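Each remark here refers to the structure printed beneath this line.
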Number of protein chains: 2
Amino acid sequence: MWKKEEVCSLLKDAVARREIVVLAAKCEIKYSGRAESYLGDGDRLIILKEDYSLLVHQPQGNAPVNYMKSGTIHSSFVEDGFLFLKCENLVQKEFLTIIMKKVYFFNSHKLNDSQKIVLQGNEADMANMIYKAPEIIEDGFKPVSQEEQTAYGFIDVLGTDKEDILTVVECKRYCADLAAVTQLRRYVERIMDAKGLKNVRGILAAPRITDNAKKMLEDWGYSFVSVIPPKYLAEYSKSQSKLDEY
Amino acid sequence: MWKKEEVCSLLKDAVARREIVVLAAKCEIKYSGRAESYLGDGDRLIILKEDYSLLVHQPQGNAPVNYMKSGTIHSSFVEDGFLFLKCENLVQKEFLTIIMKKVYFFNSHKLNDSQKIVLQGNEADMANMIYKAPEIIEDGFKPVSQEEQTAYGFIDVLGTDKEDILTVVECKRYCADLAAVTQLRRYVERIMDAKGLKNVRGILAAPRITDNAKKMLEDWGYSFVSVIPPKYLAEYSKSQSKLDEY
DNA sequence: GGGGAGAGATGCCGC
DNA sequence: GCGGCATTTCTCCCC
């Protein structure tokens, strides 16, 4: 168990040196900002980054239970035997207070990282794939150039079918839902309005679609095409020794 | 600097004891699953939780740069002087490999936390507020009972106006956008279809609305009411000593 | 800086 | 489990 005065001092020094701070503590947390929250006593992991963002993690779960964004101002002090960490983001009018009762461990270190993640297989890649291989959508489908695409907003792929009818394609990398259908509908209506056309087709391209969405899609005269989103990076070996798994 | 063999051993023991593990390391990360990603060498914070979820954080930013969800199987070993952490989620067909070149610090501890966060000021609270004070929407607006509300799906508030016309209210706790309008439209059309009514009103209740959304809303004959989402928890003091801020 | 839309979205609740 | 939807969504892009 760490002395709170010591942790308070180490915390200030670490932040001053722009180190990342990690500590585990029994604490109580209050938040007020866009919403309000209260979290009673329990053990959590507290992370304070060099950009002054703060994360609080419970021992389970993916998402932080509380957090403050970059640019927050932090202050700490010991009062009534508790270590207080007060966090203020005046720009966003958000406030968070952590009241620590016990500190289990503390660590800080300067981390240097200039790398950015390279991520592929997203919706943009899917739209590019359709540009390069339009027959995926249907026979005779011809996309217009990518430059023209942006002229009507955020439409993924705009093209013409074999009968030269203007066709809007909306891509989803996941299972298409009702919101995807209404989005497609909005784009088709926007194009009809902008171009003064009465007949514009709408196609939803996704790996799959929910039954309700399919029904709504067909009620509106649009159609669905099953397309698997691409993955470009070389797959690294998925076969490995199963020894020592835990 | 920690010895990789020692970290590997500590890691296995900590996970076996269901402790949370936190370590800072210079590493390289590969991911393959719903998408594919690569992150070159840099210093990151790696967190392995008792539910076997994994988080990788860069020294800046709110969101983890890589992660694996609860239920992942982890295995670690030292090879060619590097500490490998391989993470597999067979159910979700996701795979992540961390190749650690240096380990700056390591910590683990059993954390006990049975508390759940109490969060207020969300959309549901906003709908409840309107139920209790329907005059917020407009004079003569009467919500139907909360039981009936669920009968037609996920409509926030269903009621009648002073002329007894059925009215759908969609709440947004943030600035209403185009998607909010299409969502309202979908609900109104669903109600008209289900009840065989030709005249159903739609009201969007939110703190504010974008110009484009307002235009689309009015084009469809719906209306906007400015409503501030409620905050119930007692505000704790926002005035505090500015000493020792950092 | 606001608007619009994707995200390896996540998480919650409903059926 | 899937479906529908909010999220202290967050992040990026583009105007």
Side-chain angles (χ1 to χ4, degrees), chain A residues 31-37 53-54 56 61-70 89 91-96 116-117 119-127 150 153-156 170-183 186-187 190 208-214 216 229 231 233, chain B residues 31-37 53 56 61-70 89 91-96 116-117 119-127 150 153-156 170-183 186-187 190 208-214 216 229 231:
Chain A
Y31 159 77
S32 176
R34 280 168 291 181
E36 313 245 325
S37 76
S53 58
L54 175 101
V56 179
N62 231 5
V65 67
N66 277 115
Y67 58 91
M68 294 290 278
K69 282 188 231 172
S70 173
N89 194 315
V91 177
Q92 302 191 74
K93 291 176 186 167
E94 302 210 295
F95 306 89
L96 186 127
K116 285 191 180 178
I117 194 165
L119 197 144
Q120 286 175 300
N122 54 10
E123 199 182 271
D125 293 325
M126 201 169 156
T150 58
F154 303 90
I155 292 165
D156 290 331
E170 173 61 27
C171 303
K172 291 294 168 196
R173 64 185 308 286
Y174 53 88
C175 182
D177 57 12
L178 292 173
V181 179
T182 56
Q183 190 180 355
R186 179 147 50 87
Y187 292 156
R190 185 190 293 179
R208 54 197 194 90
I209 187 167
T210 67
D211 288 345
N212 280 346
K214 188 100 189 294
M216 177 178 274
K231 294 181 188 175
L233 291 178
Chain B
Y31 158 78
S32 176
R34 280 169 290 182
E36 312 247 326
S37 77
S53 59
V56 180
N62 229 10
V65 67
N66 278 114
Y67 57 91
M68 293 291 277
K69 284 187 229 170
S70 174
N89 195 314
V91 178
Q92 301 190 75
K93 291 176 187 168
E94 301 210 296
F95 306 90
L96 186 124
K116 285 190 179 180
I117 193 164
L119 196 145
Q120 286 175 302
N122 53 12
E123 202 182 88
D125 292 325
M126 203 168 156
T150 58
F154 304 88
I155 292 165
D156 290 330
E170 172 60 26
C171 303
K172 291 293 168 198
R173 64 188 307 286
Y174 53 87
C175 182
D177 57 12
L178 291 173
V181 178
T182 56
Q183 190 181 353
R186 182 149 47 88
Y187 292 157
R190 186 190 293 181
R208 54 198 195 92
I209 187 168
T210 66
D211 288 345
N212 280 345
K214 187 99 189 293
M216 177 179 274
K231 294 179 186 176

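What you are looking at is a predicted structure, and each value in this text was computed from that prediction instead of being measured. Lettering follows sequence order; numbering is per chain, from 1.
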Distance, P atom - from D:dC5 to C:dG8, rounded to whole angstrom:
23 Å

Want to know the stems of DNA chain C: at least 3 consecutive Watson-Crick or G-U pairs with distances under 3.5 Å, which are they?
C:1-7 with D:9-15, C:9-15 with D:1-7

Residues in salt bridge (charged side-chain N to carboxylate O under 4.0 Å, His left out) with B:K214, at least two apart?
B:E218

Between protein and nucleotides 4-11 of chain D, map the contacts as a letter string: B base, S sugar-phosphate only, - none, heavy atoms under 4.0 Å, written 5' to 3'.
SSSSBSSS

Which residues satisfy the side chain to side chain contact (heavy atoms under 4.5 Å, CB included) test with A:A35, sequence neighbours excluded?
A:Y31, B:L119, B:R173

So does A:C171 get a backbone contact from the side chain of A:D156, meaning a donor-acceptor N/O pair under 3.5 Å?
yes

For a side-chain contact (heavy atoms from CB on, under 4.5 Å) check, start with the C-alpha distance between A:M216 and A:L178, then their side-chain angles and the critical distance, and finish with the verdict.
CA-CA 7 Å; A:M216 177 178 274; A:L178 292 173; 4.1 Å; yes

Measure the distance from CD1 on B:I155 to C1' on C:dG14 and round it to the nearest whole Å.
15 Å

Provide the distance between the two P atoms, one in D:dT11 and one in C:dG11, to the nearest whole Å.
16 Å

The side chain to side chain contact (heavy atoms under 4.5 Å, CB included) partners of A:N122 (sequence neighbours excluded) come to A:A124, A:D125

B:R208 CZ to C:dG1 P, straight-line distance once rounded to whole Å
13 Å

Let me know the distance between CD of A:Q120 and P of D:dC12, rounded to the nearest Å.
16 Å

Nucleotide D:dG3, atom P - distance to CD1 of A:I209 in whole Å
10 Å

Does a side-chain heavy-atom distance below 4.5 Å link B:Q183 with A:T182?
no

When you compare D:dT8 with C:dA5, how far apart are their P atoms, in angstrom units rounded to a whole number?
22 Å

Mind running side-chain contact (heavy atoms from CB on, under 4.5 Å) on A:Y67 and A:V56 for me, showing each step along the way?
CA-CA 6 Å; A:Y67 58 91; A:V56 179; over 6 Å; no

Using the C1' atom in both, what is the distance from D:dC10 to D:dA6, to the nearest Å?
14 Å

Not counting sequence neighbours, which residues clear salt bridge (charged side-chain N to carboxylate O under 4.0 Å, His left out) with A:R208? List them please.
none

Under a 3.5 Å distance rule, please check whether A:Q120 uses its side chain to pair with a backbone N or O of B:S37 as donor and acceptor.
no

